[in-house]
Amino acid sequence: MRADTSRRAGSPWARARVAIRLGLVATAILVVLGVLEVVLRLRPTLLGYAYANGALSRYTGRAGGIYYRDRNLRMNFMIPNFQTRMYANGYVWHHQTDALGFRNASLHVPADVVLLGDSLVYGHGVDFEDTLGNRLEQRSGLRVANLGRQGDCAFQEAYVLTAYIDVFTPRFVVYVFTPNDIEDLYVYLSDAAMEAFIAQPVEAIGYPERIPPDVALHEREEKIRRRPFLKRVEDESYVF
């Protein structure tokens, strides 16, 4: 009796069946991921606020984000003249910056008051009308420049004041301090670096030269444009 070699393991027919099954499995996985992608885009809070924050946050230098990076200063700056829809913990607000990249409806130069701080001063979770800077301006009648940015700590705030004090020449500087302004310093500086900064005379404090914003923005756009395909998928896919 002759054996049917066409169905033996390793035969072309067996290999074809394995390939078909693998193809069906891969197709099913892609369909499931595709459906999940659509569902998460329609209902990003389905997996909770923590997931939605990560998927919808614009506090990033990636495509669609509000920041660009200055590699000399090792700091993020908000993109000037930029607006987008922001999301965090179920709150939605409109983000818009002035020509210098701060959250002001009108750029007051000079200004009576300069505000320094992090997300509290920036206006995390609220539209411009409810930001500290706008409320202070409306109630006091003073010209207020809000230099607050989400994520800033004393490291960035010291530079921002140094860089813009002569631009705005304010009568008052209001620094809204929170404990994380010190805690977050450890992201950027070691204990030795902090001690060296404190020990130097105020007049000796200096910073590396800032990259011109248009150059840094161009570098950002080039980095985004040249992303590998998988990196683009990772950045833009809700599933990832």
Side-chain angles (χ1 to χ4, degrees), residues 44-45 49-50 52-62 64-70 73 75-185 187 210 213 216-217 220:
T45 57
Y49 283 142
N53 287 344
L56 300 178
S57 176
R58 295 291 179 262
Y59 290 136
T60 175
R62 297 193 300 270
I66 66 172
Y67 294 131
Y68 69 93
R69 180 81 171 168
D70 187 300
L73 291 168
M75 295 181 190
N76 288 331
F77 292 87
M78 293 194 294
I79 300 172
N81 298 316
F82 182 74
Q83 55 183 313
T84 188
R85 182 174 181 265
M86 303 287 285
Y87 174 91
N89 297 319
Y91 293 93
V92 177
W93 69 99
H94 181 73
H95 166 92
Q96 184 168 357
T97 52
D98 58 32
L100 294 179
F102 297 108
R103 199 177 182 199
N104 297 292
S106 299
L107 188 57
H108 297 313
V109 178
D112 298 308
V113 181
V114 157
L115 292 179
L116 293 174
D118 53 14
S119 56
L120 182 65
V121 177
Y122 158 79
H124 176 76
V126 299
D127 283 319
F128 174 78
E129 291 73 20
D130 292 321
T131 59
L132 177 61
N134 184 64
R135 287 294 183 94
L136 177 60
E137 183 164 294
Q138 295 301 314
R139 295 190 179 191
S140 68
L142 298 172
R143 294 157 59 89
V144 178
N146 182 354
L147 308 190
R149 301 177 305 184
Q150 184 274 343
D152 276 5
C153 67
F155 177 71
Q156 295 91 349
E157 287 152 0
Y159 170 78
V160 167
L161 181 60
T162 302
Y164 290 101
I165 190 73
D166 290 335
V167 174
F168 294 102
T169 60
R171 295 162 54 199
F172 308 101
V173 174
V174 179
Y175 176 21
V176 180
F177 174 82
T178 53
N180 66 299
D181 286 344
I182 298 299
E183 296 166 4
D184 291 349
L185 277 174
V187 176
R210 182 174 175 180
L217 283 166
R220 175 185 183 273

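All values derive from a computational prediction rather than experimental measurement. All residue numbers in this chain count up from 1 along the given sequence.
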With sequence neighbours left out, the residues meeting ring pair (Phe, Tyr, Trp, His ring centres under 6.0 Å) with Phe82 are none
ask   = Between Asn104 and Asn146, does any side-chain donor sit less than 3.5 Å from a side-chain acceptor?
value = no
Those residues at least two apart in sequence (or on a different chain) that pass side chain to side chain donor-acceptor pair (under 3.5 Å) with Thr178 are Asp118, Asn180
**Message:** Between Arg149 and Gln156, is there a side-chain heavy-atom distance shorter than 4.5 Å?
**Reply:** yes
Residue set satisfying salt bridge (charged side-chain N to carboxylate O under 4.0 Å, His left out) with Arg135, at least two apart, ordered chain then number -> Asp130
Asn134 meets the side chain to side chain donor-acceptor pair (under 3.5 Å) criterion, sequence neighbours left out, with none
Open item on the list: Donor-acceptor pair, distance only, cut-off 3.5 Å: does the side chain of Gln96 make one with the backbone of Gln83?
Closed with: no
CG of Leu132 to CZ of Arg103, rounded to nearest 0.5 Å, is 11.5 Å
Hits for side chain to side chain contact (heavy atoms under 4.5 Å, CB included) against Gln150, two or more places apart or cross-chain, chain-then-number order -> Tyr59, Tyr67, Ser119, Tyr122
So the ring pair (Phe, Tyr, Trp, His ring centres under 6.0 Å) pairs with at least one residue in residues 125-150 (sequence neighbours excluded) are none
| Yes or no on side-chain contact (heavy atoms from CB on, under 4.5 Å) for Met86 and Val92, after CA distance, side-chain angles and deciding distance? | CA-CA 6 Å; Met86 303 287 285; Val92 177; over 6 Å; no
**Check against side-chain contact (heavy atoms from CB on, under 4.5 Å), Leu116 and Val121** = CA-CA 7 Å; Leu116 293 174; Val121 177; over 6 Å; no
The side chain to side chain contact (heavy atoms under 4.5 Å, CB included) partners of Asp127 (sequence neighbours excluded) come to Trp93, His94, Glu129
All heavy atoms of Arg210 vs all of Tyr68, minimum pair found to be NH2-OH, 2.9 Å
Exercise. Side chains of Leu136 and Leu115: closer than 4.5 Å at any heavy-atom pair?
Worked result: yes
- Item | Aromatic plane relationship, Tyr164 with Phe168 - under 30° parallel, 30 to 60° tilted, over 60° perpendicular | tilted
(Q) Test your reading of the model: is there a side-chain donor-acceptor pair from Arg220 to the backbone of Arg62, 3.5 Å cut-off? (A) yes
Salt bridge (Lys or Arg N to Asp or Glu O under 4.0 Å) pairs touching residues 161-182, sequence neighbours excluded, are Asp112-Arg171
task: Assess whether side-chain contact (heavy atoms from CB on, under 4.5 Å) is satisfied between Tyr91 and His124, documenting all intermediate values.
output: CA-CA 9 Å; Tyr91 293 93; His124 176 76; over 6 Å; no
message = For the backbone of Ala216 and the side chain of Arg69, can you confirm whether one donor and one acceptor N or O come within less than 3.5 Å of each other?
response = no
d(Leu100 CG, Leu107 CG) to nearest 0.5 Å is 5.0 Å
Correct closest heavy-atom pair for Val144 and Glu137 would be N-OE1, 2.9 Å
Q) Taking the side chain from Tyr87 and the backbone from Gly90, do they hold a donor-acceptor pair closer than 3.5 Å? A) yes
Does Ile79 offer a backbone N or O that forms a donor-acceptor pair with the side chain of Thr97 under 3.5 Å?
yes
Sorted by chain and residue number, the salt bridge (charged side-chain N to carboxylate O under 4.0 Å, His left out) partners of Arg143 (sequence neighbours excluded) come out as none
Interatomic distance, CG@Leu142 vs NE2@His108, rounded to 0.5 Å, equals 10.0 Å
Residues at least two apart in sequence or cross-chain that pass side chain to side chain contact (heavy atoms under 4.5 Å, CB included) with Phe172, listed by chain then number, are Val113
Less than 4.5 Å apart, side chain to side chain, heavy atoms only: is that true for Pro80 and Leu217?
yes
Check: Passes side-chain contact (heavy atoms from CB on, under 4.5 Å), Phe177 versus Glu157? Steps please.
Finding: CA-CA 10 Å; Phe177 174 82; Glu157 287 152 0; over 6 Å; no
Hits for side chain to side chain donor-acceptor pair (under 3.5 Å) against Asn89, two or more places apart or cross-chain, chain-then-number order -> Asn53
Distance col, row Asp70:CG vs Met75:CE, nearest 0.5 angstrom, shows 8.5 Å
Sorted by chain and residue number, the side chain to side chain contact (heavy atoms under 4.5 Å, CB included) partners of Pro44 (sequence neighbours excluded) come out as Ala52, Leu56, Tyr238
